[in-house]
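Computed from a prediction, not measured in an experiment: that's the story for all the values here. Within every chain, numbering begins at 1; the chains are lettered A, B, ... in the order of the sequence lines, protein sequences first and strands thereafter.
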Number of protein chains: 2
Amino acid sequence: MSSFLDQSAGYLINMTALLLKREFSSAIKSHNIDVTPEQWAILNRLNENSDLTQKEVAKLTFKDNANITRMVDKLEKKGLVIRHSDPNDRRSWNLSITKKGIEIRDLVEPLAVDILNKISKNISKKEMDSYNKISNKIINNLIE
Amino acid sequence: MSSFLDQSAGYLINMTALLLKREFSSAIKSHNIDVTPEQWAILNRLNENSDLTQKEVAKLTFKDNANITRMVDKLEKKGLVIRHSDPNDRRSWNLSITKKGIEIRDLVEPLAVDILNKISKNISKKEMDSYNKISNKIINNLIE
DNA sequence: TAGTTATATTTGTCATGTTAACTAATAAAA
DNA sequence: TTTTATTAGTTAACATGACAAATATAACTA
């Protein structure tokens, strides 16, 4: 016996995200790259925007400040990110990605693209556009 | 500057699941119910099927055996689940949900339904059906 | 039957997500 | 300017997820 919830959007969203993250992690690992998907997301933001504060990274990644602290600690230890003191506000850090950080970011990007291709199998571009549009609607319904 | 990945299916799936889980957790907490969404998922399975082993629960919930051990520990401590020794295989447990477990499960179900309604705002039934269908396709692409 | 292999669960370790409490620094108000 | 409130970041505690190793039992095979 199985619940009607098993085919609900909630269940499916959760399942999809779980499998997707598993796939991404394992792709990164199989290439012997020492970074997690979450750490990569941070590297990505810092690659796009230099001198973000931790708070700004938290906002961009929809994560908690406390998490960012810990993850930046790890990224700093690995030499992928540097904390610079902010001359205007001694409470905050300006973060920058290192050369090594950029290298790692660039190594992972094609793996992300591969996975995007993999999940799109048997799904037309039109369908995927519609899927993404509805994802955005759901996100907005949850953010409000 | 933002990456093309920000509107990719991967990013959106991840974001949707994150917000959805946050919403669910906070709904449960705001009703002062002492259970996590993941624990509720287990209660749900045991409510549908009695005498599942931990391995079976793990398979149904797509989780790790080790995680199930720990979550069942917590559910047992709270008196929501009982471990019965399996007469045919002394390695495994047969799990059953308690009366209190069923009560908790039943309290949370309407909250899950509320959230399903909330995320469906401005999305037609037809659109949502298509969304779910594509979710299933993506899941299959990831499971293969 | 003895020895090997497979299985179900447990335990430990590490990363992340959530929450609360805390520190230091800035901003606002009296 | 002194007090008060807010803000950025840190730390600690707990739950989950992934992974590896360990234990006990079951199943298989020579």
Between C:dT10, D:dT16, D:dG9, which one does the side chain of A:S92 approach most closely? D:dG9
Quick check for you: among C:dT26, C:dA8, C:dT10, whose closest atom lies nearest to any side-chain atom of B:K55? C:dA8
Tell me the interatomic distance from B:D64, atom CG, to C:dT16, atom C1', rounded to whole angstroms. 15 Å
Assuming nearest nucleotide by heavy-atom distance, tell me which of A:M71 and B:K29 is located more 5' along DNA chain C. A:M71
Note: B:E38-B:R70 ion pair, threshold 4.0 Å (strictly below): no
Any salt bridge linking A:E56 with A:R45? Criterion: basic side-chain nitrogen under 4.0 Å from a carboxylate oxygen. no
Distance check needed: C:dT18 P versus A:F62 CZ, whole Å only. 12 Å
d(CD1, A:I28; P, C:dT16) in whole Å: 11 Å
d(CG, B:N65; C1', C:dA6) in whole Å: 14 Å
Start with the C-alpha distance between B:D129 and B:K125, add both sets of side-chain angles, then the distance that settles salt bridge (Lys or Arg N to Asp or Glu O under 4.0 Å), and finish with yes or no. CA-CA 6 Å; B:D129 285 348; B:K125 181 171 183 324; 2.8 Å; yes
Checking A:S50 side chain against A:S96 main chain: does a donor-acceptor pair fall under 3.5 Å? no
Take the protein atom CD1 of A:I68 and the nucleotide atom C1' of C:dG17, then report the distance between them rounded to whole Å. 11 Å
Does a distance-only test, which skips hydrogens and angles, find a donor-acceptor pair under 3.5 Å between the side chain of A:R83 and the base of D:dG9? no
Please report the distance, rounded to the nearest Å, between CG in A:D34 and P in D:dA18. 18 Å
Counting side-chain heavy atoms from C-beta on, which of D:dT10, C:dA25, D:dA15 comes nearest to A:D89? C:dA25
With a non-hydrogen cut-off below 4.0 angstrom, is A:S25 in contact with a base, only sugar-phosphate, or nothing? nothing
Pairwise 5' ranking along DNA chain C for A:A66 and A:E38, keeping only the more 5' one: A:E38
For D:dG17, take OP1 and OP2 only and decide whether either is under 4.0 Å from a side-chain N or O of A:R22. no
Side chain of B:R91, base of C:dT9: donor and acceptor closer than 3.5 Å? no
Give A:N67 one of three labels, base, sugar-phosphate or nothing, depending on what nucleic acid heavy atoms sit under 4.0 Å from its own. base
Nearest-neighbour nucleotide for the B:R90 side chain, D:dT25, D:dA18, D:dG9 considered: D:dT25
Reckon B:K63 touches a base, only the sugar-phosphate, or nothing at all at heavy-atom distances under 4.0 Å? sugar-phosphate
If you find the nucleotide of DNA chain D closest to A:R70 and the one closest to A:S26, which residue's nucleotide is nearer the 5' end? A:R70
Provide, to the nearest angstrom, the distance between the CG atom belonging to B:L18 and the P atom belonging to D:dG17. 14 Å
Does a sphere of radius 6.0 Å around NZ in A:K133 hold more than 12 heavy atoms from other residues, nucleotides or ligands, not counting ones at 6.0 Å or beyond? no
Provide, to the nearest angstrom, the distance between the CG atom belonging to A:D86 and the P atom belonging to D:dG9. 9 Å
For D:dT11, does OP1 or OP2 lie under 4.0 Å from any side-chain N or O of A:T69? no
Not counting sequence neighbours, which residues clear side-chain hydrogen bond (donor to acceptor under 3.5 Å, both in side chains) with A:E103? List them please. none
